[in-house]
Number of protein chains: 2
Amino acid sequence: MTDVATVQRQKGVALWRQIADKIRANISAGEYDSTGMVPPETVLAEQFGVNRHTIRSALAALGQEGIVRAMQGRGTMIEVKDRFNFPISRRTRFTQGIGRQARDIEGFLLSSAREIATAEVARWLKLAPGTEVIRLEAVRKADGRALSRATTWFPAARFEGIAEVFAKTGSVTKALSEFGVGDYLRDKTEITARHAEPDDVATLELTPGAIVLVTRALNTDPDGEPIQYSITRFPADRVQFTIGG
Amino acid sequence: MTDVATVQRQKGVALWRQIADKIRANISAGEYDSTGMVPPETVLAEQFGVNRHTIRSALAALGQEGIVRAMQGRGTMIEVKDRFNFPISRRTRFTQGIGRQARDIEGFLLSSAREIATAEVARWLKLAPGTEVIRLEAVRKADGRALSRATTWFPAARFEGIAEVFAKTGSVTKALSEFGVGDYLRDKTEITARHAEPDDVATLELTPGAIVLVTRALNTDPDGEPIQYSITRFPADRVQFTIGG
DNA sequence: TTCTATTTGTGCGTATGTATT
DNA sequence: CAATACATACGCACAAATAGA
């Protein structure tokens with residue numbers, strides 16, 4: 001089979017874009033299911049009657065979309081994905097939320113610091129300017145795959161030493177209970193999406209250009225007192241959020 | 001000022017990536033604020049001491065991130081953004097949700113069709129296989145900027161002719177009230193993110209490679225009867241969702 | 001209006017580096 | 001080790017859009 005006839009020059013749509021669309025359609029149609037890989041660039045170049053660079057532009061675009069993943073020396077593989085579902089409610093908890101969707105869930109503390117709250121953090125936590133907070137940088141994995149990268153701030157006065165407790169337990173819920181917060185509620189969640197930055201790429205094991213879902217969330221104790229503000233990045237191709245239902 | 005010294009070859013990080021990071025930092029630092037534009041590719045190429053293609057790779061990456069926007073014949077502009085906030089609750093309504101954030105909000109019906117529900121649509125709307133549904137394709141704009149692209153399904157038996165009503169009013173809420181549904185509730189919302197497809201690019205006025213937030217949502221009448229299932233795409237750089245708060 | 005300079009967009013050919021098999 | 005295949009970068013050419021003379 002040749003695709004030569006399917007791409008046209010001088011039609012207002014770049015060749016690489018036409019080819020990317022065609023390959024995407026081919027993948028959806030199961031064209032390459034036998035190998036799970038896209039044919040080598042040289043083969044595709046011949047099939048489409050274009051230079052290998054043009055194929056590379058097309059595959060790069062598909063790589064950005066997370067549809068394929070090029071591996072040096074091996075070939076370009078088709079990505080298969082299924083998303084974890086992450087429910088968001090008043091009682092949102094990470095581990096419980098993922099629940100039975102993964103065999104094992106781990107939390108790693110990357111670093112912690114005691115610092116002065118920025119204007120943004122102070123606003124969310126309803127703290128006076130200049131108040132000290134404890135910041136945790138953590139990664140959570142489900143079945144060995146990185147699922148989230150969170151930056152979390154706690155009021156330092158109330159949660160002195162929470163970093164050590166989190167490091168031991170790997171769980172915010174357990175850490176908070178050590179401080180007498182047996183229950184807490186999700187007050188507000190903001191959701192946006194953007195491209196992964198270098199730090200996201202590293203800690204979430206992403207390909208550059210991948211998409212991350214970003215949540216900004218505030219948890220309060222049962223009295224409505226803010227206890228935790230988090231900015232969390234999730235790999236968009238591994239996670240979906242659910243509200244209600 | 002020259003940036004030659006800032007990029008290094010053969011150090012494990014591609015030149016174009018180093019350059020992209022540097023330009024991103026320059027933008028954050030307000031380096032190009034006077035013009036609101038990045039210097040021409042040829043100038044950047046000379047500044048960094050690389051080929052124009054290398055600069056183009058860097059700018060393409062930044063374009064994917066939505067940080068810059070290249071325009072043929074004009075130059076590469078730095079994007080300024082502020083997101084519309086879209087609250088998600090039991091009483092989620094598009095127009096009310098955007099509310100005072102925009103001066104005027106319009107809804108356009110692109111097309112409508114009467115068709116047999118797919119397995120997925122039937123499942124969401126709790127319909128028997130083979131049941132007919134009405135599908136609307138619509139775009140919503142706020143202050144002239146495209147804010148959402150929705151595909152919506154209604155049970156055909158109950159909402160015969162809803163396409164015409166929506167076309168006139170541009171509002172789902174008003175259209176439903178014409179059919180005796182004075183109130184409705186958001187039962188469930190799923191949120192994911194992915195790269196824009198050609199259709200999204202066209203109808204949402206996006207740049208190829210942009211990110212879209214995708215919601216799958218079910219609305220029911222006060223009795224809990226499913227009345228509307230929608231898949232809606234939002235430009236991720238123009239929208240954020242809020243739950244609670 | 002027309003022409004020209006500027007600037008981005010597309011495509012090809014080539015060379016070299018690097019990782020996998 | 002060699003062969004294969006992806007990764008990066010350069011140089012060249014021309015197309016297309018824009019802005020300004």
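Below, read A as the first sequence line, B as the second, and so on, with proteins coming before strands; counting in each chain starts at 1.
- The phosphate of C/dT7 has neither OP1 nor OP2 within less than 4.0 Å of any side-chain N or O from B/Thr76.
- In the interface, the side chain of B/His53 is paired with the base of C/dG11 through a donor and an acceptor atom under 3.5 Å apart.
- Here A/Thr54 reaches the OP1 or OP2 of C/dC12: one of its side-chain N or O atoms lies under 4.0 Å away.
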Pairs under 3.5 angstrom, nitrogen or oxygen only, protein versus nucleotides 19-21 of chain C, please.
{"unit_1": "C/dA19", "atom_1": "O4'", "unit_2": "A/Gln72", "atom_2": "OE1", "d": "3.4"}
{"unit_1": "C/dT21", "atom_1": "OP1", "unit_2": "A/Arg74", "atom_2": "NE", "d": "3.2"}

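- Between the CZ atom of B/Phe48 and the P atom of D/dT8 there is a distance of 17 Å, given to the nearest Å.
- Here the side chain of B/Val50 is nearest to one of D/dC10, C/dC12, D/dA7, namely D/dC10.
- Taking atom CH2 of residue B/Trp16 and atom P of nucleotide D/dC10, one finds them 14 Å apart after rounding to whole Å.
- At a cut-off of 3.5 angstrom, counting only N and O atoms as typed in the model, there is a donor on one side and an acceptor on the other between the side-chain of B/Arg52 and the base of C/dG9.
- Looking at heavy-atom distances under 4.0 Å, A/Ser57 makes no contact with the nucleic acid at all.
- Rounded to whole angstrom, the span from the CD1 atom of B/Ile19 across to the C1' atom of D/dA7 amounts to 15 Å.
- Listed nucleotides D/dC6, C/dT10, D/dA9 differ in distance to A/Arg56; the shortest reach to its side chain belongs to D/dC6.
- Residue A/Ile55 contributes atom CD1, which lies 15 Å from atom P of D/dA5 at whole-angstrom precision.
- Judged by distance alone, the side chains of B/Thr151 and B/Arg233 do bring a donor and an acceptor atom under 3.5 Å apart.
- For A/Ser28 (side chain) and A/Arg24 (main-chain N/O), a donor-acceptor pair under 3.5 Å exists by modelled atom type.
- A straight line from CG of A/Leu15 to P of D/dA15 spans 15 Å, rounded to a whole angstrom.
- Taking atom CZ of B/Arg69 as the reference point, atom P of D/dA17 lies 16 Å away to the nearest angstrom.
- Closest approach of A/Phe48 and A/Ile55 over heavy atoms only: CD1-CD1, 3.8 Å.
- Between the side chains of A/Arg17 and A/Ser57, no donor-acceptor pair is found at a separation under 3.5 Å.
- Relative ring orientation between A/Phe86 and A/Phe241 is described as perpendicular, the plane-to-plane angle rising above 60° on a 0-90° scale split at 30° and 60°.
- For B/Asn51, a side-chain nitrogen or oxygen approaches OP1 or OP2 of D/dG11 to under 4.0 Å.
- By the ring-ring contact (aromatic ring centres under 6.0 Å, His included) test, B/Trp153 is found to be paired with B/Tyr229, residues two or more places apart in sequence or in another chain being considered.
- The shortest distance between side-chain heavy atoms of A/Arg216 and B/Thr242 does not fall below 4.5 Å.
- A side-chain donor-acceptor contact under 3.5 Å links B/Arg238 to the backbone of B/Ala146.
- Computed from coordinates, the B/Ile78 CD1 to C/dT8 P distance equals 12 Å when rounded to whole Å.
- The residues B/Asp237 and B/Arg69 are annotated as not salt-bridged, no charged nitrogen and carboxylate oxygen being separated by less than 4.0 angstrom.
- Heavy-atom distances under 4.0 Å link DNA chain D to A/Pro40, A/Glu41 of residues 37-45 of chain A, given in residue order.
- Nearest heavy-atom pair, A/Ala102 versus A/Phe84, reported as atom, atom and distance to 0.1 Å: CB-CE2, 3.7 Å.
- Between the P atom of D/dT8 and the CD atom of B/Gln18 lies a distance of 11 Å, rounded to the nearest Å.
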